Amino acid sequence: MKKITDERLIVLNLQHIKIAYIVQTIGILSILGYEVFKGGIEAMTKNPLWMVFMLTTVIYSYLHMSVSVEHERKPKNPVKSFIISLIFVTIIAVSFAILTSITPSFNWTDGLLIGGIIFVCGIIPVSYVYRLRIKQEKDLE
């Protein structure tokens, strides 16, 4: 099989991949929607398609982050953006930890666990964008 070198055909191929991804996502969401009506949220999250949907959404989001950083009009200060994002993620995680710990059916260990999970889940994309901005800054120099 020959590698495609014509840019017009490459763009057309990418559009076909985009359409296939959209159709696949609609199909997965339809099946998961059926599971919600049939057995509720728990039945939906037990379906293996839920994991496939979540995995593809996370991967797509990370791939889109690299495009977003490249598309920024003027380069941002990576350190300043990282610190602001870190403060914001910390505030959200602490808020969830406090709100969870004061909920009647939970205790402070549940609050710490949920706050810690939210912090880790927030800091990973923030660190990734920071790394992309540092790389972009080095490439511009």
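Please read all numbers here as calculations on a predicted model, not as lab measurements.
With rounding to the nearest 0.5 angstrom, the CG atom of Asn47 is 9.5 Å from the CD1 atom of Ile28. The distance from atom CZ of Arg8 to atom CG of Asn13, rounded to the nearest 0.5 Å, is 12.5 Å. To the nearest 0.5 angstrom, Leu113 atom CG is 12.5 Å from Ser101 atom OG. In this structure, OG1 in Thr90 is found 12.0 Å from CD1 in Ile118, a value given to the nearest 0.5 Å. To the nearest 0.5 angstrom, Leu14 atom CG is 11.0 Å from Leu9 atom CG. Here Ile31 contributes atom CD1 and Ile26 contributes atom CD1; the two are 12.5 Å apart, rounded to the nearest 0.5 Å.
Residues Val23 and Leu29 are members of separate hydrophobic clusters, defined by side-chain heavy-atom contacts under 4.5 angstrom among Ile, Leu, Val, Met, Phe, Trp and Tyr. Connection of Ile117 to Val120 is not established within any shared hydrophobic cluster, with ILVMFWY side chains joined at heavy-atom distances below 4.5 Å, either directly or through further cluster members. Hydrophobic clustering (ILVMFWY, side-chain heavy atoms < 4.5 Å, transitive): Ile59 and Met51 are in distinct clusters. Hydrophobic clustering (side-chain heavy atoms under 4.5 Å, transitive across Ile, Leu, Val, Met, Phe, Trp, Tyr) keeps Val52 apart from Val58. A chain of hydrophobic side-chain contacts below 4.5 Å, direct or via other Ile, Leu, Val, Met, Phe, Trp or Tyr residues, connects Met54 to Val36.
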Please tabulate, one pair per line, all N/O donor-acceptor pairs under 3.5 Å involving side-chain atoms of residues 105-112, not counting sequence neighbours.
unit_1: Asn107; atom_1: OD1; unit_2: Thr109; atom_2: N; d: 3.2
unit_1: Asn107; atom_1: OD1; unit_2: Thr109; atom_2: OG1; d: 2.6
unit_1: Asn107; atom_1: OD1; unit_2: Asp110; atom_2: N; d: 3.2
unit_1: Asp110; atom_1: OD2; unit_2: Asn107; atom_2: N; d: 3.3

Under 3.5 Å, sequence neighbours excluded: what are the donor-acceptor pairs made by side chains of residues 126-134?
unit_1: Ser127; atom_1: OG; unit_2: Ile123; atom_2: O; d: 2.9
unit_1: Arg133; atom_1: NE; unit_2: Glu72; atom_2: OE2; d: 3.2
unit_1: Arg133; atom_1: NH1; unit_2: Ser81; atom_2: OG; d: 3.4
unit_1: Arg133; atom_1: NH2; unit_2: Glu72; atom_2: OE2; d: 2.6

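Across every non-hydrogen atom of Glu35 and Met44, the tightest pair is CB-CA, 3.9 Å. For the residue pair Thr56 and Tyr21, the shortest heavy atom distance occurs at O-OH, 4.0 Å. When all heavy atoms of Glu137 and Pro78 are compared, the pair lying nearest together is OE2-CD, 3.5 Å. Taking all atoms of both residues into account, the shortest heavy-atom contact from Gly115 to Ala93 is O-CB, 3.4 Å. Nearest approach of Phe53 to Thr25, heavy atoms of both residues: CE1-CG2, 3.9 Å.
Between the side chain of Thr45 and the main chain of Glu42, a donor-acceptor pair closer than 3.5 Å is present.
Between Thr103 and Leu99 the shortest side-chain heavy-atom distance does not fall below 4.5 Å. Between Ile87 and Phe82, every side-chain heavy-atom pair lies at or beyond the 4.5 Å cut-off.
Counting heavy-atom neighbours within 6.0 Å of Phe96 CZ, excluding the residue itself, gives a total of 12 or less. Atom CE of Met65 sits in a crowded spot, with more than 12 heavy atoms from other residues, nucleotides or ligands closer than 6.0 Å. In Tyr34, the OH atom is not crowded: 12 or fewer heavy atoms of neighbouring residues, nucleotides or ligands sit closer than 6.0 Å.
Classified by interplanar angle (parallel below 30°, tilted 30° to 60°, perpendicular above 60°), the ring pair Tyr60/His64 is parallel.
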